[in-house]
There are 2 protein chains.
Amino acid sequence: MCALRMPQADGRLPLYARLRDQLASRIANGEWSPGDTIPSENRLAEEYGVALATMRMALKQLVDEGLLERRRGTGTFVKQPAFRADLFRFFHVHDADDPDGSMIPESRILSREEVETPAEVRLAFGEPEATRCLKLERVRLWSGEPMLFEEVYLRLPDFKGLLALDPKDMGPLLYPVFLQEFGILITSATDELSFGTATKASARHLELPANSPVAVIERIARNPVGRVIEYRRVHGRPERFRYRVTLGEHNA
Amino acid sequence: MCALRMPQADGRLPLYARLRDQLASRIANGEWSPGDTIPSENRLAEEYGVALATMRMALKQLVDEGLLERRRGTGTFVKQPAFRADLFRFFHVHDADDPDGSMIPESRILSREEVETPAEVRLAFGEPEATRCLKLERVRLWSGEPMLFEEVYLRLPDFKGLLALDPKDMGPLLYPVFLQEFGILITSATDELSFGTATKASARHLELPANSPVAVIERIARNPVGRVIEYRRVHGRPERFRYRVTLGEHNA
DNA sequence: TACGTCTAGTTCTCTAGAGAACTGGTTGAC
DNA sequence: GTCAACCAGTTCTCTAGAGAACTAGACGTA
């Protein structure tokens, strides 16, 4: 019998959640591309050997997360991922090469490891008791100079596969990787900017003296249903640092 | 749009949607108050004479809308109404006294005068040749301490009446005044944050030594059709300065 | 060609359950 | 008095359907 049918005595997710993951990965690995019709709910339920209503729960979830779109009488379609460019493009730098601030910086991943979840991250994730999570450190460089040092914390069951991933395949932006590899779409984020002083780690990677003033950004990123996916702490060199954001709708 | 094309041509919503409305009105009219436990899904399904799953759909909807909260093994509760952010306040500066960033600071207007439009403001306004504009200076204080020094530039024909206005009538927020007094609605803004040094004026009003490091915000605010209404330059005391922004939609 | 009608296939609505997972309280043994 | 075991009540998961609502395309007729 299919492994999906196993009862959840092992503390695993409910069936419909595992189905959701299965379907998400079939989107992620390109079996179904944006715009495609996927098999009907009937066919999928049969294929996975589950009740129709259970499959519908999985599909509903993916609709809520913005990965699928259903049209009565027609079928179920893979949505074009509507990434908001401004979600990951608002670090701008004064630079002669880049007057618009539209350049995507070079990205260098320093480490990936499983760690005890820090308290502030647990708070953001809404986890009352101690857990472990994935920590990713990277530096972003403009014109070869280190400008930002990032510590990214990710929920662990979801992002376990990230450890195995080759950094070469990961490009300069993380959120497209989340979608491609794990079927997780980031659609909202809260950033909090403040002034602070460099930590030992951030000073070293930004090539600053200890306790230098730095720009600090704390980010909480969410999927379409409001689940917190990522907590990120960023230290930036202050002298050429710019952060730009546009709020509200406009047609300009 | 053709009325026949509408789902439920007789205008009746699906059962679960009507149930949702029924339950919502029982919350609205005070039968169930925030914090209360409402009857169990079983009891409600029986009361309304519908299948359990149908009632669950109605309850699920209200949970998604943030009106109800369900706890397994315990019951279904009416949620405390969610905090609604003020449409006019795009940015939050907050400190230890104000963890939510919801406090509106005291506002003290220092000067209002007609000036030659500075070059960077002309650029923002899209005015090729020299013009004059209105400049407004003010300080914003948290707990009596000056935190922000603002220089606000406004288009001149539009805001001429502002010179005549009594500052006492103006409250701590400007955009409501724009709407009330001039019928001008601000619906979008672009903020750009960076870190710089205080000018002579900003150092004096923030009670800082000359050339102290400050947080700098440059804002361009627009009306619904994208016309730039306001250019603003803000200097902030760095040590307790926090700037928070949320991008994208989320339901949390 | 133009225009209804029909049909196969899809999602949506609704029913009727059974058992698991979980919570808060009560009971009983020690 | 403490603590474990039990229990009633709740939500959550999952199954197995039937019929309605709707869409796109095929077909037939004028």
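The analysis underlying the following values was restricted to heavy atoms, covering all of them including side chains, and did not include hydrogens, waters or symmetry mates. In what follows, chains carry the letters A, B, and so on, assigned in the order in which the sequence lines appear, proteins first and then strands, with residues in each chain numbered from 1.
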Subject >> Pair Tyr153(A) and Phe125(A), ring centroids less than 6.0 Å apart >> reply: no
**OP:** Count the heavy atoms of every other residue, nucleotide or ligand shown that sit under 6.0 Å from CD of Glu218(A), and state whether that count exceeds 12.
**Re:** yes
Could I get a table of every N or O pair under 3.5 Å where one atom is in the protein and the other is in nucleotides 6-8 of chain C?
none

**OP:** Please tell me if the side chains of Thr76(A) and Arg71(A) come closer than 4.5 Å, counting only heavy atoms from C-beta onward.
**Re:** no
**OP:** Kindly indicate whether a cation-pi arrangement holds for Arg70(B) with Phe77(B), taking the cut-offs as under 6.0 Å to the six-membered ring centre and within 45° of the axis.
**Re:** no
Original post:
Can Lys79(A) and Leu67(A) be said to form a side chain to side chain contact (heavy atoms under 4.5 Å, CB included), step by step?
Top reply: CA-CA 5 Å; Lys79(A) 251 187 136 179; Leu67(A) 285 164; over 6 Å; no
Dump the pairs, protein N or O against N or O of nucleotides 7-12 of chain D, anything under 3.5 Å, distances to one decimal.
from, atom 1, to, atom 2, distance (Å)
dG9(D), N2, Gly73(B), O, 3.1
dT10(D), O2, Gly73(B), N, 3.3
dT11(D), OP1, Thr76(B), OG1, 2.9
dT11(D), OP2, Glu41(B), N, 3.0
dC12(D), OP2, Arg56(B), NH2, 3.0
dC12(D), OP2, Arg70(B), NH1, 3.0

Subject >> NZ/NE/NH1/NH2 to OD/OE distance under 4.0 Å, Arg219(A) and Glu192(A) >> reply: no
Subject >> Whole-Å distance separating the OH atom of Tyr48(A) from the C1' atom of dT13(D) >> reply: 19 Å
Original post:
Separation of Gln61(A) atom CD from dT13(D) atom C1', in whole Å?
Top reply: 14 Å
Original post:
Would the number of heavy atoms belonging to other residues, nucleotides or ligands and lying under 6.0 Å from CD of Glu46(A) be above 12?
Top reply: no
**OP:** Quickly work out the Glu46(B) CD to dT15(C) P distance and round it to whole Å.
**Re:** 14 Å
**OP:** Let me know the distance between CE of Met55(A) and P of dG17(D), rounded to the nearest Å.
**Re:** 17 Å
**OP:** Among residues two or more places apart or on two chains, list those pairs meeting salt bridge (Lys or Arg N to Asp or Glu O under 4.0 Å) that have a residue in residues 29-39 of chain B.
**Re:** Arg26(B)-Glu31(B)
**OP:** Grab the CG-P distance between Leu44(B) and dC14(C) for me, whole Å please.
**Re:** 16 Å
